Amino acid sequence: MCNGLLDVLYHIPEGRGAGLRRDFAARLGAVGEPSRVSGVWRYAEMVMAAAPTDIVSFPEGNTPLIANARVAAWAGCPRLLVKHEGMNPTGSFKDRGMTVGVTQARRIGARAVACASTGNTSASLAAYAALAGIPALVLVPAGNVAMGKLAQTLAYGARTLAVRGDFDACLSLVRDASPRLGIYLLNSVNPFRLEGQKTIVFEMLQQLDWRTPDWIALPAGNLGNTAAFGKALDEALRAGLIDRMPRILAVQAAGASPFQQSFDAGFRARVSMKAATVASAIRIGDPASFDRAVRAIRSSSGAVLAVDDVAILEAQDRIGTAGIGCEPASAASVAGVRAAVRAGLIGPDDQVVAVLTGHLLKDPGMEAAAATPGVTLRNTPVEIDASISALEREIDALRA
Ligand code: F0G
């Protein structure tokens with residue numbers, strides 16, 4: 001026993017790239033059962049073989065890949081695209097893992113499901129468990145979950161425990177307790193979650209007509225997604241869906257950067273720390289998928305960067321004023337691209353896909369942003385008298 005996390009290994013349809021690409025294309029825009037319409041189950045050959053009647057799906061995925069010249073110019077990366085995973089049914093990429101995880105829970109007849117969360121995993125688990133009719137238990141750090149996420153988790157009926165401790169304490173508690181209590185654990189330590197999250201990569205590659213970008217940038221917290229991206233790319237290469245590997249850029253918040261610190265030291269040792277950042281979704285000091293994320297960075301010749309809270313909030317603001325709403329943790333990916341361009345790591349002609357992992361409405365957090373020293377929000381409400389003259393002054397200012 002290695003005490004490491006489990007991975008799903010199965011027969012990759014090697015060298016069947018052209019046939020798979022045709023099958024995936026034929027399913028685009030399909031109507032009917034979720035198992036056909038879903039942007040996760042479209043890639044079933046690369047994810048999980050499940051009977052349509054077992055699949056628990058809203059459906060999810062089918063998120064846009066957006067080219068926005070203003071965001072690209074700000075990042076200094078003309079060929080930047082953003083993949084908006086906040087457009088999933090519960091507003092984050094977690095839905096892609098959860099449809100597979102809860103399908104597996106139903107297949108094995110789980111009596112209850114559980115997770116620890118900074119808020120998005122719990123919102124997603126609560127929704128999919130409700131869809132499947134399985135009771136859900138979630139552990140969140142008391143007072144440290146964005147309101148939108150807490151509201152979802154409660155609305156979807158999960159038993160919600162606010163633990164006096166941080167996310168790392170919640171995860172360690174639920175990992176200890178779930179085998180003893182016979183509850184099926186659905187954090188990303190569960191390998192089926194990662195199988196679903198791989199489809200962020202498959203879908204973006206299909207949107208790019210299977211032409212590999214130079215870089216894929218994503219925010220990194222508990223490192224499940226980084227691990228999933230590495231596995232997806234390895235398997236896409238082996239299946240012949242793509243013919244070269246893009247590089248993964250994992251971006252952490254400076255105050256929650258154990259993976260970046262370890263990367264800077266050549267991954268010689270695992271690092272953990274007490275985490276502090278305005279980006280509550282990635283406020284994680286002891287990431288569970290550390291080892292498999294190291295494999296993802298190594299096999300993609302990737303890199304790990306950290307960006308501070310001011311850079312994260314500035315990125316969120318620039319993305320927002322371009323009409324694209326994402327939560328602070330998500331903006332870390334674009335902030336990381338900007339930092340990597342400035343450092344000369346990403347070249348001016350490189351094509352980069354930055355993943356926006358969660359929706360703006362999850363964590364509007366204007367107060368937190370406004371209270372962070374060094375941050376000036378570009379747009380704030382203007383209070384006026386309820387008079388036509390006051391309104392006219394504003395209209396004149398808008399025209400000027
Ligand atoms: N972005 C968002 C919006 C997240 O919610 C998370 C993780 C991440 C990025 C980081 O992904 O953990 O796979 O490295 N949120 C988890 C949660 C921890 O509980 O919702 P990761």
Side-chain angles (χ1 to χ4, degrees), residues 5 63 83-88 90-98 101 114-127 138-141 144-146 148-150 152-153 158 160 163 166-171 174 185-190 193-194 196-198 200 217-232 248-253 256-260 275 277-290 292-294 296-297 304 312 315-316 325-336 354-363 365:
L5 299 177
T63 62
K83 176 120 178 98
H84 200 343
E85 286 295 304
M87 305 303 262
N88 270 292
T90 77
S92 87
F93 73 99
K94 304 288 180 181
D95 295 342
R96 292 185 184 262
M98 215 47 89
C115 74
S117 181
T118 55
N120 280 326
T121 301
S122 58
S124 185
L125 175 73
V138 312
L139 281 68
V140 295
N144 278 305
V145 176
K149 303 174 187 181
L150 193 56
Q152 288 179 295
T153 307
T160 304
V163 177
D166 57 14
F167 168 81
D168 300 298
C170 293
L171 183 57
V174 77
L185 182 61
L186 272 171
N187 277 100
S188 56
V189 296
N190 181 313
R193 279 270 314 277
L194 298 201
Q197 286 171 208
K198 291 187 321 192
I200 302 170
L218 81 165
N222 210 26
L223 299 177
N225 223 19
T226 306
F229 279 31
K231 191 167 189 287
I248 295 176
L249 179 69
V251 186
Q252 296 211 286
S257 55
F259 193 52
Q260 176 264 331
T277 166
V278 69
S280 61
I282 51 173
R283 195 181 289 151
I284 296 171
D286 189 16
S289 290
F290 207 102
R292 49 192 185 187
V294 170
I297 296 299
V304 189
I312 288 174
Q316 186 192 19
C326 72
E327 68 168 282
S330 304
S333 61
V334 175
V355 180
L356 302 179
T357 42
H359 200 280
L360 171 73
L361 295 176
K362 290 280 195 171
D363 187 3

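As the structure is a prediction and not an experimental result, all values here were calculated from the model. Order of listing sets the numbers, starting from 1, for every ligand and every atom in it.
Protein heavy atom at the shortest distance from atom 13 (O) of ligand 1 is Asn225 N, 2.8 Å. Among all non-hydrogen protein atoms, the one lying nearest atom 4 (C) of ligand 1 is Ala281 CB, 3.6 Å. Nearest protein neighbour of atom 12 (O) of ligand 1, counting heavy atoms only, is Asn222 N, 2.8 Å.
The shortest N or O to N or O distance between Ser122 and ligand 1 is not under 3.5 Å. Considering both main-chain and side-chain atoms, Glu327 never comes within under 3.5 Å of ligand 1 through any nitrogen or oxygen pair. The shortest N/O to N/O separation between Gly358 and ligand 1 does not fall below 3.5 Å. For the pair Leu223 and ligand 1, the shortest N or O to N or O distance falls below 3.5 Å. Looking at ligand 1, you won't find any N or O of Gln197 less than 3.5 Å from one of its N or O atoms. The shortest N/O to N/O separation between Thr121 and ligand 1 falls below 3.5 Å. Ligand 1 has no nitrogen or oxygen under 3.5 angstrom from a nitrogen or oxygen of Ser330.
Note on ring orientation: taking the six-membered ring where Trp is involved, the planes of Phe290 and Phe259 are perpendicular (angle over 60°, cut-offs 30° and 60°).
Proximity to Asn120 (heavy-atom distance under 4.0 Å) selects the following atoms of ligand 1: 2 (C), 3 (C), 4 (C), 5 (O), 20 (O). Those atoms of ligand 1 that come under 4.0 Å of a heavy atom in Gly224, given as number and element, are 13 (O), 14 (O), 21 (P). The atoms of ligand 1 that sit less than 4.0 Å from any heavy atom of Ser117 are 17 (C), 19 (O), 20 (O). Within the listing of ligand 1, atoms 1 (N), 2 (C), 4 (C), 6 (C), 8 (C), 9 (C), 11 (O) sit less than 4.0 angstrom from a heavy atom of Phe93. Close approach of ligand 1 to Thr118 is summarised as follows: ligand atoms under 4.0 Å from at least one heavy atom of the residue are 15 (N), 16 (C), 17 (C), 18 (C), 19 (O), 20 (O). For ligand 1, the atoms lying closer than 4.0 Å to a non-hydrogen atom of Ile282 are 8 (C), 9 (C), 10 (C).
At least one side-chain heavy atom of Leu194 sits under 4.5 Å from a side-chain heavy atom of Ser188. Using a 4.5 Å heavy-atom threshold, the side chains of Asn222 and Phe167 count as touching. Counting heavy atoms from C-beta outward, Asp363 and Pro328 have side chains that approach closer than 4.5 Å. Val140 has its side chain out of reach of Lys149: every pair of non-hydrogen atoms, C-beta onward, lies at least 4.5 Å apart. Counting heavy atoms from C-beta on, the side chains of Val355 and Phe93 never come closer than 4.5 Å. Inter-residue side-chain proximity for Ile282 and Thr118 is flagged as unmet; no heavy-atom pair is nearer than 4.5 Å. The side-chain heavy atoms of Thr357 and Ser333, taken from C-beta on, include no pair separated by under 4.5 Å. Looking only at side-chain heavy atoms (C-beta outward), Arg283 and Asp166 stay at 4.5 Å or farther from each other.
Leu218 pairs in a side-chain contact (heavy atoms from CB on, under 4.5 Å) with only one of the listed residues (Val251, Ile248, Ile200), which is Ile248. In summary, of the residues considered (His359, Lys94, Glu327), a side chain to side chain donor-acceptor pair (under 3.5 Å) with Asn120 occurs for Glu327 alone.
Under a 4.0 Å heavy-atom criterion, Thr226 is not in contact with ligand 1. Ligand 1 lies within reach of Ile284, whose nearest heavy atom is under 4.0 Å from it.
Neither the backbone nor the side chain of Lys362 has a heavy atom within less than 4.0 Å of ligand 1. Contacts with ligand 1 closer than 4.0 Å are made by side-chain heavy atoms of Lys94 only, the backbone lying farther away. Only the backbone of Ala220 comes within 4.0 Å of ligand 1, counting heavy atoms alone; no side-chain atom from C-beta on gets that close.
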*Apply side-chain hydrogen bond (donor to acceptor under 3.5 Å, both in side chains) to Ser124 and Asp95, showing your working.*
CA-CA 6 Å; Ser124 185; Asp95 295 342; 2.6 Å; yes
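Residue Thr357 holds the heavy atom nearest to atom 9 (C) of ligand 1 of all those in Thr357, Leu194, Asp363.
By the salt bridge (Lys or Arg N to Asp or Glu O under 4.0 Å) test, Arg292 pairs with Asp7, sequence neighbours left out.
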